[in-house]
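Side chains included, hydrogens not; waters and symmetry mates left out as well; all remaining heavy atoms used. Heads up: numbering here begins at 1 and tracks the sequence.
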Amino acid sequence: MSDARSTPLYCPYCGAEELWPSEATHGGWECRACARIFTVRLHGLLAKAVLR
């Protein structure tokens, strides 16, 4: 695994686009518009492709 972070494009709560890395949590992002800290995490991949 890499320690590099991928920058989220917008806040999942309010949609603001100005995000800052959070020093309080590893991999966390701060949204100063709605005063929330969140993380973006990949849980894994599906074993099979899901066709719709």
Inset, instruction - Could you state whether Trp20 and Ile37 fall into the same hydrophobic cluster, counting links through intermediate Ile, Leu, Val, Met, Phe, Trp or Tyr residues with side-chain heavy atoms under 4.5 angstrom apart? - result: no

Legend entry - Heavy-atom closest pair, residues Cys34 and Tyr13: SG-CB, 4.3 Å

Legend entry - Distance (rounded to the nearest 0.5 Å) between Cys11 SG and Glu17 CD: 11.0 Å

Legend entry - Nearest atoms (heavy-atom pairs only) where Gly28 meets Thr39: CA-CG2, 3.7 Å

Inset, instruction - Could you tell me which non-hydrogen atom of Pro8 sits nearest to which non-hydrogen atom of Phe38, and how far apart they are? - result: CG-CE1, 4.1 Å

Legend entry - Closest non-hydrogen atom pair between Glu23 and Glu30, with its separation: N-OE2, 4.4 Å

